[in-house]
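A quick write-up on the structure given underneath.
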Amino acid sequence: MNAVLPGAFTDALARHGDRVAVTDADTSLSYAELADRARAAAARLAPHAAVGERLRIGFYAANSTDYVVGYLAALFAGAVPFLADSAFGPFELARIAEDCGLDLLVHAPDADVEQVTERVPGAGEFAGGEFGGLTVSRVRRFDAPAPPLLPDTEVCRFTSGSTGRPNCIEFSGAAVLAAARNWVEGTGLSARDRIACLAALSNGLAFNTSLLAAFLPGASLHLSRGLPTASRIVRLLESTGATRLVAFPALYESIVRRSSTGGFAGVRAAISSGAPLRDSVREEFTRLTGVPVHNYYGVAEAGPLTFAADGTGTGLGTPLPGVEVIADEEGLRVRSESMGSRYLNAPGVFEARVDDEGRYRTGDQGHLLDGVLHLTGRTGRLVNVGGRKIDPIEIAEVLRKAAGVLDVVAFEAEGRHGDPVLAAVLAVEAGPTVQSLRAHCAALLPSFKVPSVFHLVDRIPVNSIGKPSVERLRRLLAEARSN
């Protein structure tokens, strides 16, 4: 089957030539320069593919121009890029490598990847080459055979899910291209736009709004490295003359708490997603900066779904082109032109969430008011913390392995600022402490999956049918905080 994305990128890079395509703190590449570097890197990747097989390349790095070069190189080489969150820890990375049958891993030179890579002749030949500051390593062979990809799969991304491990979503090239085209059309993105992107390109917020979507009309993409502190944000906005800011709600909340106003003179729109931004934060951000916040709703499996075009009202906006949203007693069900195909490493799980009409059950509850989507809760158990979906079952499994732990319940609770946080209540014997349990999690999980709140008890409270009572657990946390 002919691939879609190499042609789409080739056309965009050729049409926009000398315009600035992508920058980071150290590098600026025009569209023509990006094309040249990506083609050179693709030529070095091609020999590593087995005869008749598509090379599977994991990307495990922070945003940079090198990351974009590598992503395009993978596509141009006929490989399939697997975009993993750089916040994943070694434990999750090993699961991904084995579950998905990765061949190569693109990573920062100092990344902890020893569990999944091996030293073989040629494995480090890319370091310092066309991939710039990133290293390409050979992934060690696992006993289990690699699961076969669908013929039209061109990109894979990851999300937490009901399996207790990162689910690998397969996307056809047509779905990725549709997501970008519909975002451009639905949001008015143009060649005049300069996008300051503070979300990881592996995440749907950035992937769908700031990668191919930026290149189709000839906009420029500006990436930031390191933690998005207020001062770093100001420098990025001022140095690039950004017209769009793409970030998770936590960043806007941080700006409001610090009353930061510098650098926003040229910004026309701020894009927020991952979790609904509280109205009070949105209103205060706009008052401080003069910039409207446009909420955007999407789910990893279905791509971008709604956009709040005016940036002033409540809710998450109206459906984007090519999107259908149904809100009823079953929860939100969506159908889009940018739908994923399935989970590569969890057969049948994705398909079970699709109804007979091809609509994906999102796990969210909400309603449409005058065509605008408003969320009201969750039908499932996933916890949305800072835009990342976390499966509490995975967290509980990790904590149960700690010495002295009898039982665990992980769940969503309310943080000090009213934002959702991940909490864990543990029934323990003598010995475990909050500090030791936090260290246990930090050794096995990425930082964003380590619970913010730990509470130790003798016994987990249960309801009348013997299941843990989350209502009583939340009450325990509230009482502990008030004491």
Side-chain angles (χ1 to χ4, degrees), residues 20 22-25 63 183-184 186-201 203 205-206 208-210 213-214 219-298 304 306-318 372-375 384-387 415-420:
V20 174
V22 59
T23 73
D24 59 25
N63 288 358
W183 180 258
V184 170
T187 69
L189 184 62
S190 75
R192 297 186 300 275
D193 279 306
R194 295 175 294 279
I195 304 168
C197 181
L198 295 163
L201 291 172
N203 185 278
L205 171 59
N208 291 318
T209 71
S210 306
S220 57
L221 173 60
H222 304 280
L223 305 172
S224 176
R225 292 179 178 174
L227 293 174
T229 61
S231 60
R232 190 185 298 274
I233 295 166
V234 169
R235 287 197 299 271
L236 178 65
L237 297 179
E238 291 180 341
S239 65
T240 62
T243 61
R244 285 194 179 195
L245 172 61
V246 175
F248 289 117
L251 183 140
Y252 298 107
E253 292 168 357
S254 174
I255 291 172
V256 166
R257 285 199 297 271
R258 290 169 172 77
S259 298
S260 304
T261 60
F264 290 92
V267 180
R268 299 199 311 269
I271 314 297
S272 176
S273 184
L277 184 64
R278 288 178 291 159
D279 290 339
S280 59
V281 174
R282 176 180 55 80
E283 292 166 1
E284 182 62 10
F285 175 86
T286 300
R287 187 191 70 79
L288 285 170
T289 66
V291 179
V293 178
H294 299 262
N295 282 326
Y296 142 65
Y297 173 69
T306 70
F307 178 71
D310 60 9
T312 58
T314 60
L316 298 178
T318 56
V372 175
L373 176 63
H374 296 260
L375 295 186
N384 193 331
V385 177
R416 292 183 178 181
H417 300 290
D419 51 328

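Heads up: numbering here begins at 1 and tracks the sequence.
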Q) Which residue pairs pass the ring pair (Phe, Tyr, Trp, His ring centres under 6.0 Å) test when at least one of the two sits in residues 252-272, sequence neighbours left out? A) Tyr252-Phe285, Phe264-Phe285
Q | OG1 on Thr289 to CD1 on Ile255, rounded to 0.5 Å | A | 7.5 Å
Q. Which heavy atom in Leu201 sits nearest to a heavy atom in Ala206, and how many Å separate them?
A. CA-CB, 3.8 Å
Q.
To the closest 0.5 Å, what do you measure between OG1 (Thr318) and CG (Leu373)?
A. 10.0 Å
Q: For His294, enumerate each residue passing the side-chain hydrogen bond (donor to acceptor under 3.5 Å, both in side chains) test, keeping only those at least two apart in sequence or located in another chain.
A: none
Q. To the nearest 0.5 Å, how far apart are CZ in Arg194 and CZ in Arg268?
A. 8.0 Å
Q: Kindly state each residue pair satisfying side-chain hydrogen bond (donor to acceptor under 3.5 Å, both in side chains) with at least one member in residues 233-243, sequence neighbours excluded.
A: Asp193-Thr243
Q. What distance do Leu316 atom CG and Tyr296 atom OH have between them, rounded to the nearest 0.5 Å?
A. 11.5 Å
**Q.** Nearest non-hydrogen partners of Ser210 and Leu221, listed with the distance
**A.** O-CD2, 2.9 Å
Q: Just jot down the side-chain hydrogen bond (donor to acceptor under 3.5 Å, both in side chains) partners of Ser224, sequence neighbours excluded, or say none.
A: none
Can you give the donor-acceptor pairs under 3.5 Å from side chains of residues 244-251 to other protein atoms, not counting sequence neighbours?
from   : atom 1 : to     : atom 2 : distance (Å)
Arg244 : NH1    : Thr187 : OG1    : 3.2
Arg244 : NH2    : Thr187 : O      : 2.7
Arg244 : NH2    : Thr187 : OG1    : 3.3

Q: State, to 0.1 Å, how close Ala196 and Leu236 come at their nearest heavy-atom pair, and which atoms those are.
A: CB-CD2, 3.8 Å
**Q.** Which atom of Ser272 lies closest to which atom of Val293, heavy atoms considered
**A.** CB-CG1, 3.9 Å
(Q) Keeping Asn63 on the side-chain end and Ala199 on the backbone end, is there a donor-acceptor pair under 3.5 Å? (A) yes
Q: Report the residues that fulfil side-chain contact (heavy atoms from CB on, under 4.5 Å) with Arg192, sequence neighbours left out, ordered by chain and then residue number.
A: Ser190
Q) CD1 of Ile195 to OG1 of Thr209: how many Å apart, nearest 0.5 Å? A) 6.5 Å
